[in-house]
Amino acid sequence: MIPFEYSMGLSAVLFGLGVVGVLVRRNVIVLLMCVELMLNAVNLAFVTVADHLNSVEGLLYVFFVMTVAAAEAAVGLAIVVSLYRARRAVHADEISLLKG
Amino acid sequence: MTLAIFFVFAAFAVLGGVGVLLARNPIHSALSLVGTMVSLAGIYLLHHAEFIFAIQLMVYAGAIMTLIVFVIMLLDVRHEETESERLGFGKVIGMVLAGLMVVVLLVPLGAGLTGKAGGMTEEVLARVGGVEFLSEKLFTTYLLPFEIASVLLLVGLVGAVALAKKRL
Amino acid sequence: MTFSMADMRLLTPHLVITAAALLVLLAEAVSPGRRKGYLPYLGIAGIVVAAFTTPGLFGPARSGFSGMLAGDAFAAFVYFILYAVGALTLLVSDGYLRDEGRDHAEYYALVLLALVGMMLMAGATHLMTLFLALETMSIAIYALAGFFRDERSAEASFKYFILGAFSSGFLLYGIALLYGACGTTEIQGILDAFASNRALAGSAMALAGVGLVTVGFAFKVAAVPFHMWTPDAYQGAPTSVTAFMATGVKAAAFAAVLRVFFVAFQTLHVDWSGVLWVLALLTMTVGNLTAIAQTDVKRMLAYSSIAHAGYILVGVVAGTPEAGAGILYYLLAYAFMNIGAFACLIMVGRKGHENTELDAFAGLGFKFPALGLAMSLFMFSMAGIPPTAGFIGKFLIFKAAVHQGYYWLTIFGVLNSAASVYYYLRVIVTMYFKPEPDAPVVEALRAGPSMAVATILAGLGVLYFGIVPGGLVDLAEQALRYLV
Amino acid sequence: MSHFPYLSTITFLPLLGALVLLLIPRRSEGGIRAWTLAVAAVTFVISLALWVRFDPTQGGMQFVERKAWIESLGISYYVGIDGISLWLVLLTTFLSVICVLSSWGIAKRVKEYMLFFLLLETGMLGALISLDLVLFYIFWEAMLIPMYFLIGVWGGTDRIYAAIKFFIYTMVGSLLMLVAILALYYLNIRAGNAPTFDLLKLYELNLAPNVQFWMFAAFCLAFAIKVPMWPLHTWLPDAHTQAPTAGSVILAGVLLKMGTYGFLRFAMPLFPNAVEAWAPFMMVVAVIGIIYGALVAMVQDDVKKLVAYSSVSHLGFVMLGLFALNMQGVQGGLYQSLNHGISTGALFLLVGVIYERRHTRAIADFGGLAKSMPNYAAVFLIITMSSIGLPGLNGFVGEFLIMLGAFLTSKTAAVFAATGVILAAGYMLWMVKRVFFGALDKEENQGLADLTGLEWGYLIPMVVMAFWMGIYPGTFLRKTDATLELWLERFEAKKEACRSLEAPGALAWLQDGLNLVFPASHAD
Amino acid sequence: MLDMIWLVPFFPMVGALVNGLFGRRMPKGLVATVACGSVFLSFLVSVGAFFSLKALPPAERVFEQVIFEWIASGSTKVTLGYLLDPLSCVMILVVTGVGFLIHVYSVGYMSHDPGFSRYFTYLNLFCFAMLTLVLGNSFLVLFVGWEGVGLCSYLLIGFWFEDAAKAAAGMKAFIVNRIGDFGFLLGMFLIFWKFGTLDFVPIMKEAPEVLVAGGAIVTAITLLLFVGATGKSAQIPLYVWLPDAMAGPTPVSALIHAATMVTAGVYMIGRCNVLYSMAPTSMTVVATIGALTALFAGTIAITQYDIKKVLAYSTVSQLGYMFTAMGVGAYAAGIFHLMTHAFFKACLFLGSGSVIHGMHEEQDMRRMGGLRKHMPHTYWTFLIATIAIAGVPPLAGFFSKDEILWNAWANGFKFQWFLGFAAAGITAFYMFRLVFMTFFGKERFDPHEVHVHESPASMTVPLWILAGLSIVGGWIGIPAALGGANQFHQWLAPVMGGASEAAEGVKQAAGGLGLVSTAWASEAAGAAAEAGGHADLVAEYALMFLSVAYALLGILVAYICYIAKPDLPGKVAAKCRGLYELLYNKYFVDEIYQAVFVEGTLALATFCYAFVDVVVIDGIVNGTGLLVRSVGSGLRRFQTGQVQAYALTILLGAVILVGYYAVVASF
């Protein structure tokens, strides 16, 4: 059995990497991927806890998070496409028409 | 032994994550992410989550990432990111904060897992197996979330159509 | 342990509305190219039917689907708020979308599905249900925000989406930690865990979970500093969607907040109330001060919605059933006045030009007396001036806060409220006190009958709930009695 | 207690009238005016019944009507009047008629104007008769809206600034009062009583002096802004100067009285010990207001602004009287409130008369008007004399009682206040001299027509009132005797009852609130 | 007859109402009839009242009539009522009598004025107010009249309002009077505080019990009331308005600013003699101020050329005498002088009005001269009145003035006596200077251009009546030293009698507590005893002789200066340039007041407005608004539109929030 601190620690690190990605990358699709990375990190946490508590709930969370991720990816990518059509922009910092 | 495997997977997962961050080409980022996901799938297996292992590979690494790569191709974004080398003040702050966030997330681990759940005990698993138990739960206790998930997917579908369909 | 018909009764309203959504999609699919004017009314019909199935939920609290969904008065109350939001949004959207050439079934279906998500959020008694419902709602709203597919709409949608997904990550992480600490994410289960294990109240994991969940909700309700998406998303989104977002999302999110914080984290009030105290103060102040500096009415209303979230947070801080009832009332009032205000905004625009710059309103009060009257009414209500629903809402919340001894927060609240008067009045000042420019910006109103009906309904609601709030207050209190 | 609901009738009649007004076509301006006048007049006539049927021997509330409104919160539609509000109600209905008459010449958007006017009347009357704190607060705030529009739409060149300043100034104060109202409600519950906003019930709630101290501060701020007391007065000159004539009249005649009324009805009887503690301070501020207002009025070059600052001075007298806390002072203060409504109201009407003719209010633009407009000058002079407190006219009775009352409480305050009498003569007569006397050397002023029939119509009642109230104040004072006696009695009794109450020190009470920012443990 | 006393003020009030409301549409004759008739009716009632009162035994000569309850609040009950006693009886006789004559005179004087009805409205209103003043049964009713006459004075001084200077003079009169009222009001409050009532009868009765004789409170009360009196009766330092008040029509000057209103202060002190007698300090102050004013105003009168200004300063001076009388405790003498002064000063003013009328509105004596021939009636009456005021026996002024001086001397007010005595000669000098410059010598105008004419009978008849009164008016008060019965004193004794008791009280208090110098107490006691006593007759005769001689000396000097050697005054003036300028410019008091009080107040007011109001208070108000707005604009800048910046904020918030929970809250 893997000590939960290890898995959870990994989860935290991956989460952090995802967060950094959202903050520093410009390409909107990469941003999307970084969000997916964050969700993956969370999934790891759920699995770890489920394993350690002998519980099924965490696993179901993972299942549903994946569903959500899928739907988010679909809509997110559609937004990206739509944005690209409207603005020809794929870089997050170019999308700042609305401000102030 | 298990622990060693874990560390290998963990190393790959982190490397993949770093790869997502550093790769200039979005396709490379996507591939790095797939790497991370596969590594994670391995770790799931170590955590006795066979079902999750499977869908992680199929849904995540497979379907979702394929979709992403597809869109990258669709948009055909040639001009690669050039600014990544330039570290703005905001980005440094962002990284520092993200580091702090990780610390903040690590701190609670000292408290330990205090929850008392049970349910998926050794006996149960021995009797019915992990996947069967999980699916039984999914269609009984967790039926409602499951149904909501279906609506969620419907929303994703309709939303994607509404946004991206050429003529609407 | 399967579900029963009793469970289905709890889910009937949701099912009806989902069915309506599917029907809308189907109706367009089977008759492409035909006139589609009836689609929103199909949706409204669904909402009305759902509304008829709801009153049965008032009464003693029930729970269904293995503790996944509540069938209590609290949920029912919020459902009614959401029905109002949904119906008004559809009414407002009708003429607007046709004018903009975007009257597609997908829009109405998404509104209805988002509504289902919101309702499930209000009814969820399990964080898993809650999370899924929240995502259902959010994804639908992301799509709706980008529905016009023009530059602004797409940008709004994108920003909301990225940040929404970002914050979802935090929320999920929080749920994971709570799961780890409590062993369950069922609302009642969390409460029991905290209640039975005193040590848990000091567990860093549990508390970090609370913190992360707070971040997730704070994002949804647009609390400072998690608010920055709000003005951009609100401004860029189609105005009808903005109205929907500002009211429906807020209502659903606060309903969830109430359930999570008042029930699950009940024993931790000491911990979270202080944090929310700061958030509430920041939210009110930043929202109001920034709103003062705006020159675009739509964006100003976006900031004002942040401020309103701040007032509601004051109620959350108080943490009593009394406060909860106030919050429910406030949400309802806010739904009416905000949708009404946005309806007025839609009316002054024309295809491709929103005309929401403040200057465009010069002289409109006298040029279009009905519009002026309605807009003034909504502005006064938002400013919390009697006899409007907005006043009663503020009154109830501040009353609850004072009751718990939060004098300072209340004082900051009313001072904020006074500051907010400035920018609400500015709209009225422009409408009535400034002459219309020589070249009028707004030649005619974009007012279809449905828009007019929506505005009138909203106006009547604002007045009615401002003048005879009694019954509704009782109902809200009753709702909270069963919740806590 | 089943009688004709006089109070509801007079309060909501204007509202009803306003709704009917909506149906009158915009073009028939005559009809709109006539209807508004009719509504105001009928309201006034009905309100006279209050005067006739009011029982002066009874100090309590009369014409009481009560209906549960938000039962669970203890909010009810609870109205009634006593000697304090009786005359203010009548003043309101009376001035409303006068104001409608004086607004006959309004040509811009008559319908909206009259609409707001009627709404304003409802708001004012409602605030005066409310015996439930929430009900009061609602009317109190609702009153602002029509006034805001009257200033903002029909006002002068700086109307927007003035309107916003008026609104926000008032809002800040009243919102803090709302917090105090809520705190009072809560303290009442804490004391073991049923939740209620019923004023008369809350009168019976005995609070520790240091708690009262802060509660009073909040109420006081709201009312002091409305009064307005120095140094919270700067909204007034702007609002007065910019408002249309009738707006100024109502503002001076009724709205400012809401402040003094608030003190009498709410702030003082609810928190007697706080009043005792604050009284020296309030008296000082009131006296500063008297002198300061008079001094500043002296150097105004705009007639309306001068009158506005004179209001600051006069209201300083009223406040001085109230905080003298004896029969003479309080009754004088109340009476002076009425007087101020008549005399300053009339002054604004008079300023409106020449403004209509010349479209200027600058003193320098006039001179020698007594030659071209002798009747106007005569009326103006009478009202001036009433304003500066000449015996035989209304102002004197009030000022005399106030100063007498103040003298019995604080000699110093009375001495300084009495200088206001000198200064008042100074600024008013100097203004009269510059406007009416001297050579009629400006061409524009030579052909000015004297008072028209309409103007006579609304000025004569004011002049008659000025004399009546000055010569036979008994008509008015007698009705307030019993009420004020009871008021003072209750005040003293409550003060004694509260004096010994234990409560944490004043700062501890504050601390109580501060702790709750991060409540360590909140057991309630 | 006594219960008809309310008719006395009532008639003029009706007259004022009728003329005020309808006068402009009535013929002048009718206006005049109403105005004069109403005052005449009052006079008749007054005479009737006098005889009714006289029929009563002296001790019962007090009649109070309550009209209605005026102000009632708590313990304050003020009734509007009239009090008729010997003192007020004298006053109403003077007011209605002289008032009637002046009304009649005015009919001629104002006959061509377009404001004819307005004038009579004001005049009647004045009579009403003045009668209320003197008949009032309480301080407050007195104050009503007090303010009322002030109002009428204001209106009548500024009667010709088109002249800005005249309007300004009216305003000045009102405001200066208000300063006096300030004191009066406070005095009233003190009285109410101590007595719980403002009615004269109980106050005068209870004063010895309620107040400590010679104590601080009674001193404060009397001094404050005296402040009121200095305003109304033009004493130092508030006399400045009276000379300017000459801007009004001349009959007004005669009635209001010479005969009646300005004496209200004297009357008031007479009314409060009980209180004053209890306050020796106040008495000294009153006497000193009075005497100083008498001399001070007299010196100014010497150099003035405006005929009315001279009379005005003379009035101030004579009022000073009256106050001296009050201050030294010779109340009856003061009232006596009040009455005689009313006769001769009214006569003088009306005479001057006749001159001005005849000279076509010329007031400068340097452009007169030799009018004796042109206006014989005016000349003779004027001369009689002048002799009376100069104090030449046996005319009225001699008796009254001499009595004052004698009382001052006898009561130990030597200094005050000296001032008054000095002023007496000066009075004779400047009055005869006036007569000589106006009626004697060569005409200093062109008779062909200015057609001087005698005034009509409506003006000369009142003149003769007043002249007659100036001669005989003093005979009712011939002192015992000259073999008279001094009926006037006896008549007033019931009112003034209380004073001697009060003075006794002072003496006892002084003896017991040592508060007041025993010397004074004994003098006060002497003054009290004076009423019926026989003091040093030799001294009295000596002083009498001295003052007569002194007055004659004044006349002689005037004769030398203005008839015999007309160039002498110019030389003297040139020699004492500084002194002359000082006197001619009235000691620059107006200028000093203007600079200190008026400009000072205005400067303070400007400071309050331009700095405190606009800069400080509105600065804070608008500054708050500005601050809020700029903070808003600042906050706006954080909203960059960069989605990653937003994410960063969220992260920041999350780190703080979760950090707080995970690190702080869990420990």
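Lettering follows sequence order; numbering is per chain, from 1. Please read these numbers as outputs of a predicted model, since none were measured by experiment.
Note: A/Y6 and B/F7 have tilted aromatic rings, judged against thresholds of 30 and 60 degrees for the angle between ring planes.
If you tally non-hydrogen atom pairs under 4.5 Å between each of A/V80, A/L37, A/V49, A/L23 and chain B, the highest count goes to A/L37. Highest contact tally toward chain A, considering only B/V18, B/L97, B/V103, B/L40, is held by B/L40 [criterion: heavy-atom pairs under 4.5 Å]. Contact count versus chain B (heavy atoms, under 4.5 Å) is highest, among A/L32, A/I79, A/L60, for A/L60. Of the listed residues (B/S150, B/A149, B/P145), the greatest number of heavy-atom pairs within a distance under 4.5 Å of chain A belongs to B/P145. The residue among A/A71, A/S55, A/A73 with the most heavy atom pairs within less than 4.5 Å of chain B is A/S55. Interface check for chain A: of the options B/I52, B/L105, B/L46, the most heavy-atom pairs under 4.5 Å are formed by B/I52. Interface summary for chain B: among A/N40, A/V56, A/V75, A/T67, the most heavy-atom pairs under 4.5 angstrom belong to A/N40. Note: B/S29 leads B/G17, B/S29, B/A98 in heavy-atom pairs under 4.5 Å with chain A. Chain B forms the most heavy-atom pairs under 4.5 Å with one residue out of A/L83, A/V68, A/L59, A/V22, and that residue is A/L59. Your options are A/V13, A/T48, A/V19, A/L39, and the one with the most heavy-atom pairs under 4.5 Å with chain B is A/T48. Contact count versus chain A (heavy atoms, under 4.5 Å) is highest, among B/L154, B/T2, B/V158, B/L153, for B/L153.
Going from atom CG of A/L44 over to atom CD of B/Q56 covers 9.5 Å, rounded to the nearest 0.5 Å. Expressed to the nearest 0.5 Å, how far CG of B/L113 lies from CZ of A/F4 amounts to 4.0 Å.
Without hydrogens or angle criteria, A/R85 side chain to B/A164 main chain gives a donor-acceptor distance under 3.5 Å.
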Which side-chain N or O atoms in residues 58-71 of chain B pair as donor and acceptor under 3.5 Å with protein atoms at least two apart or in another chain?
{"from": "B/Y60", "atom 1": "OH", "to": "A/E36", "atom 2": "OE1", "distance (Å)": "2.9"}
{"from": "B/T66", "atom 1": "OG1", "to": "B/G62", "atom 2": "O", "distance (Å)": "2.2"}

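Residue A/E72: no heavy atom, backbone or side chain, is found under 4.5 Å from chain B. When heavy atoms are compared at a cutoff of 4.5 Å, A/L10 approaches chain B solely by way of its side chain, counted from C-beta outward. Both the backbone and the side chain of A/F63 come within less than 4.5 Å of a heavy atom of chain B.
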CA sep, side-chain torsions, deciding dist, call: B/I148, A/F64, side-chain contact (heavy atoms from CB on, under 4.5 Å): CA-CA 10 Å; B/I148 299 175; A/F64 290 123; over 6 Å; no
